[in-house]
Amino acid sequence: MPRFSRGFDTNEAHAHLVRRDRKLARWMKKIGPIEPDPRWRKPFDPVDALARAILYQQLSGKAAATIVGRVETAIGATRFHADTLARIDDAGLRACGVSGNKTLALRDLAAREARGEIPDLRRMSVMDNDAIVQALVPVRGIGRWTVEMMLMFRLGRPDVLPTDDLGIRKGAQRVDALEEMPVPRALAEIGERWGPYRTYASLYLWRIADFAAAAKAPTKRSQD
């Protein structure tokens, strides 16, 4: 059974993409090398990470952090799991600022964890990307994009392309000078040329999209 390591050689990924895509290579030269994410080497708890992803959805970072802090205080723990979430009832979660839908999602996550349906890091190390996606997207409130972010930034999987991500699509549009953003299916086809380092390509596409947004932002004229 193959074992998947966390993280990959970004120098090798950089060289590969430069060889495979001259248009992207021009942007890569302008942006410079992107270093390995330090989170690839840090231990993390998938259940806790998913719970936090649920709590952070559709909120600003500051607002979400406030709610997370309240829940941590209420349960007397900084680790969200079936056992710790059981210390607070639904009314208590609502009092912390957790919405009804997010409360249902947390309860579903906890129930699935208790049934052994959420793989831990050891199990994930022998699961391919699609298997991890299929294991986690049944959780209420967890979509493919959320799992893809875990694959990229926590597990360090080298070949992930989030085709539904707006920034990725904008970056790809900019690289290929397209009139419109590519739809997810078209982006998946474009991304074939970046494999097996589509994660590293994605990191550049986000930055390219940021460049495009900055270029379109109006500049204030100085007053005499």
Side-chain angles (χ1 to χ4, degrees), residues 2-44 46 49-50 52-53 56 61 119 121 123-137 142-178 180-215:
R3 194 171 191 86
F4 297 88
S5 61
R6 291 180 62 189
F8 56 91
D9 187 332
T10 55
N11 291 327
E12 183 178 319
H14 190 281
H16 175 83
L17 293 175
V18 167
R19 289 194 305 268
R20 292 293 299 272
D21 190 333
R22 285 183 292 179
K23 293 179 182 178
L24 180 61
R26 287 195 289 270
W27 280 99
M28 293 170 68
K29 183 177 180 180
K30 180 185 299 186
I31 293 168
I34 297 177
E35 299 298 320
D37 194 310
R39 289 172 291 182
W40 294 346
R41 299 301 179 191
K42 293 181 179 179
F44 81 102
L50 291 169
R52 291 173 187 276
Y56 268 79
L121 275 184
R123 284 172 58 192
M124 285 184 179
S125 71
V126 294
M127 298 169 68
D128 65 22
N129 295 348
D130 288 338
I132 294 173
V133 170
Q134 293 306 312
L136 299 183
V137 293
I142 298 297
R144 184 180 183 92
W145 182 88
T146 299
V147 183
E148 288 171 335
M149 296 304 104
M150 178 184 288
L151 288 168
M152 295 174 71
F153 294 109
R154 305 305 293 268
L155 293 174
R157 294 294 175 91
D159 202 27
V160 180
L161 180 65
T163 56
D164 291 318
D165 187 276
L166 187 62
I168 297 289
R169 294 170 60 202
K170 286 182 176 179
Q173 177 187 9
R174 183 84 170 184
V175 168
D176 283 353
L178 303 173
E180 298 181 352
M181 284 189 297
V183 298
R185 180 176 293 182
L187 179 55
E189 293 176 357
I190 292 170
E192 289 295 325
R193 67 188 188 231
W194 302 322
Y197 291 111
R198 286 178 288 184
T199 294
Y200 201 60
S202 296
L203 299 180
Y204 276 101
L205 293 175
W206 272 314
R207 297 200 182 189
I208 292 166
D210 289 342
F211 265 89

Just by distance, do the side chain of [X] and the backbone of [Y] share a donor-acceptor pair under 3.5 Å?
X	Y	result
T199	R157	yes
Y200	E12	no
D176	L178	no
S202	L161	no
R41	R6	yes

What are the two closest heavy atoms between [X] and [Y], and how far apart are they?
X	Y	answer
A172	L205	N-CD2, 3.7 Å
P162	W145	CB-CD1, 4.4 Å
M181	L166	CE-CD1, 3.5 Å
T146	I142	CG2-CD1, 4.0 Å
G191	R198	O-CD, 3.2 Å
P182	R169	O-NE, 2.9 Å

Report yes if some heavy atom in the side chain of [X] is under 4.5 Å from a heavy atom in the side chain of [Y]; otherwise report no.
X	Y	value
P196	H16	yes
D165	W206	yes
D37	M152	no
Y197	D9	no
M150	L50	yes
I190	R193	yes
L136	M124	yes
L121	L155	yes

| remark: Here the gap from I208 atom CD1 to K23 atom NZ, rounded to the nearest 0.5 Å, amounts to 12.5 Å

| When the ring planes of Y204 and H14 are compared, do they come out parallel, tilted or perpendicular, using 30° and 60° as the limits? | perpendicular

| task | Specify whether F8 and W40 have parallel, tilted or perpendicular ring planes, treating 30° as the upper limit for parallel and 60° as the lower limit for perpendicular. | result | tilted

| Single hit among D21, I34, L17 for side chain to side chain contact (heavy atoms under 4.5 Å, CB included) with M28 | L17

| query | Which of these passes side chain to side chain contact (heavy atoms under 4.5 Å, CB included) with V160: L151, V147, V133? | reply | L151

| request: Kindly indicate whether a cation-pi arrangement holds for R39 with F44, taking the cut-offs as under 6.0 Å to the six-membered ring centre and within 45° of the axis. | output: no

